Amino acid sequence: MTRPRVRFAPSPTGALHIGGVRTALYNYLFARQQGGTFILRIEDTDQNRYVPGAEDYIIESLRWVGLLPDEGVGFGGECGPYRQSDRKEIYQKYAHELVERGHAYYAFDTPEALENRRQAEENFTYNYLTRTGLSNSLTLPAEDVGTRLAGNEPFVIRLKVEPGHEVHIRDLIRGDVTFQSSELDDKVLLKADGMPTYHLANIVDDHLMDITHVIRGEEWLPSTAHHVLLYRGFGWEDTMPQFAHLPLILKPVGNGKLSKRDGAKFGIPVFPLGWTAEKAEDSFTGFRETGFLPEAVINFLALLGWHPGGDQELFSINDLVAAFSIEHISKGGARFDYEKAKWFNQKYIQAADNATLATHIRPLAEAKSYRVSDEYLDCVAGLMKERVTFLPDFVEQGDCLFGPVREYDVETLKKKWNPGFAPVFDDLTSFVAGFEPFQAAALEEAVKNFIHDKGLKPGDILPLLRIALAGTMKGPAVFDMAAALGKEETVRRLILLKEQGEKALQNVVSA
RNA sequence: GGUCCGUUCGUCUAGGGGUUAGGACACGUCCCUUUCACGGAUGAAACACGGGUUCGAUUCCCGUACGGACUACCA
């Protein structure tokens with residue numbers, strides 16, 4: 001195979017949906033594996049739906065997940081411009097060329113007239129049957145058409161679909177798909193505002209940009225027959241790209257495809273990055289803000305609709321590039337499984353080295369005004385990484401490693417604190433204060449001996465020690481925390497614990 | 001309604017004419033650990049249905065059911 005050229009062609013009508021990220025990923029993987037080119041094209045031919053900031057959002061999202069285009073808006077390349085609104089004249093030229101070739105025609109029907117017709121006839125379609133009764137260059141006298149065109153009357157250009165033949169598509173994922181041309185409508189190619197529709201723009205651009213494979217969502221399958229007709233009409237059929245229509249990503253629960261609203265509905269991210277809209281209810285957080293590592297998102301997305309066979313679950317981007325193949329993409333829709341996404345994130349956090357995690361934790365810690373050294377952050381990362389799911393968990397669940405204990409687990413305290421423990425804790429505090437070297441393993445052995453010498457069991461004291469340092473029964477090993485906190489802070493918390501213990505006792509007595 | 005696409009454990013999926021239908025998430029139990037996790041072990045859990053073809057179909061074919069996408073001068 002010659003080096004493929006593929007494109008990811010989102011529309012800047014809002015934030016980039018996670019399904020769009022997957023489409024970009026599959027395009028990227030295919031290009032990388034085949035030594036091909038991955039192109040970003042912005043399809044902004046609908047001026048009414050344009051959303052400011054959406055284009056930047058798309059590019060920032062691709063950067064975050066690491067799917068960098070070789071060519072495209074913001075990335076340079078020889079086949080530009082890559083923003084369709086900058087290519088308006090090109091489409092006009094080709095649209096008129098298609099009319100001249102006899103595969104398209106001018107139509108003057110107003111949107112209102114067509115709307116009325118649809119109201120009147122249940123299944124109205126603009127096609128070979130109905131166009132003879134409508135206002136277009138196929139029915140109007142030539143001079144009339146000329147007058148209208150010269151008089152700047154609004155018009156659209158429509159594809160002239162000839163009835164009575166079959167259109168075959170060989171989809172790389174679904175195999176042969178056949179359409180009857182008689183069932184196809186005369187799609188609008190060039191709109192009255194001079195902009196092309198998706199159908200025209202995508203064919204012209206894919207041809208001009210030498211696209212070899214079109215990997216896109218399943219929602220495009222029904223219109224692919226029109227696209228084939230367009231390639232034929234232009235005489236480009238011999239270089240027509242191959243098609244691969246991806247299965248949909250479905251809602252976590254219920255029926256239908258995953259939609260923007262599902263994020264708020266289920267309290268989960270469905271976008272890569274957060275988005276701030278004018279209205280608060282239109283704003284949302286993304287995978288990034290939730291605390292996902294981009295590698296985990298990629299791994300999760302890659303397996304949502306594709307699997308190379310075998311039992312491997314964890315794939316680095318390089319693994320994915322090596323293993324990817326279009327043939328192994330599933331045909332059926334894949335349900336968005338957030339629990340699995342969380343699991344991937346957990347695995348990637350576990351596998352990350354402490355220094356890398358520290359760079360992610362630092363901004364989170366600083367947002368809470370915690371000031372700590374890189375070394376300390378490394379240490380916290382090591383202590384916490386096997387018990388967190390999201391990045392913010394490091395500073396939330398690991399709060400006691402950054403600041404004082406704010407809340408004590410009173411239930412456990414009541415259960416474990418005994419009358420007579422006050423002097424034991426005084427002794428323990430002095431013992432710890434005098435202990436060197438202040439290192440986890442040595443301290444553990446020494447404290448356990450201390451407990452034994454007092455005629456107590458580890459189970460009597462260790463839980464209290466934990467409460468002293470962390471306030472809760474959760475968290476890293478006690479002596480690891482002590483070593484991390486340092487002698488001074490450990491002693492301080494031991495003293496505080498005695499007060500808490502006595503208080504708990506009084507509550508029990510008074511109750 | 002029409003056109004097209006799809007259907008293996010709850011979920012993501014592997015497999016493919018003869019298998020104890022495999023793995024992962026989630027869930028249950030146990031072990032490790034005087035915490036929480038991690039980790040390990042183990043359990044429950046699936047070929048939508050009906051006809052063919054075949055010695056034999058979960059796998060191939062045809063229907064049915066169910067689900068989905070599309071059906072705009074939106075992409």
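Each chain gets a letter, A, B and so on, in the order its sequence line appears, and its residues count up from 1. Any value given below was found using the heavy atoms of this structure, including those in side chains, with hydrogens, waters and symmetry copies removed. Just so it is clear, the structure is predicted and the values come from calculations on it, not from any experiment.
Here the side chain of A:Glu313 is nearest to one of B:G23, B:A75, B:G68, namely B:G23. Between B:C73, B:A69, B:A14, one nucleotide has an atom nearer to the side chain of A:Ala192 than all others, and that is B:C73. Each of B:A72, B:C25, B:C5 was ranked by its minimum atom distance to the side chain of A:Arg174; first place goes to B:C5. When each of B:C73, B:A14, B:C12 is scored by its nearest atom to the side-chain atoms of A:Val188, the top-ranked nucleotide is B:C73. Of the candidate nucleotides B:C74, B:G2, B:C5, B:G2 has the atom lying nearest to any side-chain atom of A:Glu183. Listed candidates were B:G15, B:G39, B:U13. Nearest to the side chain of A:Ser330 is B:U13. For A:Asp311, counting side-chain heavy atoms from C-beta on, the closest listed nucleotide (B:G15, B:G23, B:G1) is B:G23. When the nucleotides B:U7, B:C74, B:U13 are ranked by their closest atom to the side chain of A:Lys331, B:U7 comes out on top.
Of the side-chain N and O atoms in A:Arg335, none sit less than 4.0 angstrom from OP1 or OP2 of B:U7. One finds a side-chain N or O of A:Thr45 lying less than 4.0 angstrom from the OP1 or OP2 phosphate oxygen of B:A75. Side-chain N/O atoms of A:Lys347 include one lying less than 4.0 angstrom from OP1 or OP2 on B:G39. In this model, the phosphate group of B:C12 is not approached by any side-chain N or O of A:Lys342 to a distance below 4.0 Å at OP1 or OP2. OP1 and OP2 of B:C36 both lie 4.0 Å or more from every side-chain N or O belonging to A:Arg466. Residue A:Gln346 places at least one side-chain N or O closer than 4.0 Å to OP1 or OP2 of B:C38. Distances shown here put a side-chain N or O of A:Lys257 below 4.0 Å from the OP1 or OP2 atom of B:C70.
Nucleic acid contact class of A:Pro308 (heavy atoms, under 4.0 Å, all strands): none. The residue A:Gly256 sits close only to the backbone: its heavy atoms come under 4.0 Å of sugar-phosphate atoms, none of a base. A:Asn48 comes within 4.0 angstrom of nothing in the nucleic acid, heavy atoms only. Within the nucleic acid shown, A:Gly475 comes within 4.0 Å of at least one base atom, counting heavy atoms only. A:Glu339 comes within 4.0 angstrom of the backbone, heavy atoms only, and of no base. Among the protein residues, A:Pro196 comes within range of the sugar-phosphate backbone only, with heavy atoms under 4.0 Å from sugar or phosphate atoms but none that close to a base. Using a 4.0 Å heavy-atom distance criterion, A:Phe336 is classed as making no nucleic acid contact. Counting any heavy atom pair closer than 4.0 Å across all strands shown, A:Ala477 reaches a base atom.
When the C1' atom is compared between B:C55 and B:A48, the two are found 27 Å apart, to the nearest whole Å. B:A65 and B:C49 have their C1' atoms separated by 7 Å, with the value rounded to a whole Å. Spacing between B:U11 and B:A57 at atom C1', rounded to whole Å, works out to 27 Å. One C1' atom belongs to B:U71, the other to B:C12, and the distance between them is 31 Å to the nearest Å. Remark: the separation of the C1' atoms in B:C62 and B:U54 is 16 Å, to the nearest Å. With both ends at atom C1', the span from B:A46 to B:U20 equals 15 Å, rounded to whole Å. A gap of 28 Å separates the C1' atoms of B:C30 and B:A14, to the nearest Å. To the nearest whole angstrom, the two P atoms, one in B:C5 and one in B:C47, are 26 Å apart.
Between A:Phe300 atom CZ and B:U11 atom C1' there is a gap of 10 Å when expressed in whole angstrom units. As a whole-Å value, the separation of A:Arg170 CZ from B:C5 P is 14 Å. One can place CZ of A:Phe394 at 14 Å from P of B:C38, the figure rounded to the nearest angstrom. In this structure, CG of A:Leu200 is placed 11 Å from P of B:A75, rounded to the nearest angstrom. Between A:Glu122 atom CD and B:G2 atom C1' there is a gap of 11 Å when expressed in whole angstrom units. When the C1' atom of B:A75 is taken as reference, atom NE2 of A:His227 falls 10 Å away, rounded to whole Å. A:Glu219 has its CD atom 10 Å from the P atom of B:A69, to the nearest Å. B:A24 atom P lies 19 Å from atom CG of A:Leu304, rounded to whole Å.
Scanning atom types as modelled, one donor and one acceptor separated by under 3.5 angstrom connect the side chain of A:Lys340 and the base of B:A24. The base of B:C38 has none of its N or O atoms less than 3.5 Å from a complementary donor or acceptor on the side chain of A:Arg387.
A:Ile298 contributes atom CD1, which lies 12.0 Å from atom CZ of A:Arg22 (distance to the nearest 0.5 angstrom). Of the inter-residue distances, the one linking A:Ile90 atom CD1 with A:Asp205 atom CG reads 7.0 Å to the nearest 0.5 angstrom.
For residues 165-179 of chain A, the set of pairs meeting the salt bridge (charged side-chain N to carboxylate O under 4.0 Å, His left out) definition, not counting sequence neighbours, comprises A:Arg170-A:Asp176, A:Arg174-A:Glu218.
Relative orientation of the A:His96 and A:Phe155 rings is perpendicular, given thresholds of 30° and 60° on the angle between their planes.
Looking at A:Asp185, A:Leu184, A:Leu230, A:Thr197 one by one, the single match for side-chain contact (heavy atoms from CB on, under 4.5 Å) with A:Leu159 turns out to be A:Leu230. Applying ring-ring contact (aromatic ring centres under 6.0 Å, His included) to A:Phe300 and the options A:Trp306, A:Phe336, A:Phe315, A:Tyr348 leaves one that passes, A:Phe336.
Both distances falling under 3.5 Å, in either a Watson-Crick or a G-U wobble arrangement, place B:C4 opposite B:G68. Figure legend. B:U53 is base-paired to no nucleotide; pairs are counted as Watson-Crick or G-U wobble with both atom distances under 3.5 Å. Pair assignment for B:G10 gives B:C25, based on Watson-Crick or G-U wobble hydrogen-bonding distances that are each under 3.5 Å. The pairing partner recorded for B:U58 is none, the criterion being a Watson-Crick or G-U wobble arrangement whose two distances lie under 3.5 angstrom.
In this structure, A:Arg148 forms no cation-pi arrangement with A:Tyr106, as its terminal cationic atom is not both closer than 6.0 Å to the ring centre and no more than 45° off the ring axis.
Mapping A:Gly459 and A:Thr110 onto RNA chain B by nearest heavy atom places A:Gly459 closer to the 5' end of the strand. A residue-by-residue look at A:Val388 and A:Asp44 shows that A:Val388 has its nearest nucleotide of RNA chain B further toward the 5' end.
Outside the 6.0 Å centre-distance limit, the rings of A:Trp343 and A:Tyr338 are not counted as a close aromatic pair. Aromatic pair A:Phe390/A:Phe292: centroids less than 6.0 angstrom apart.
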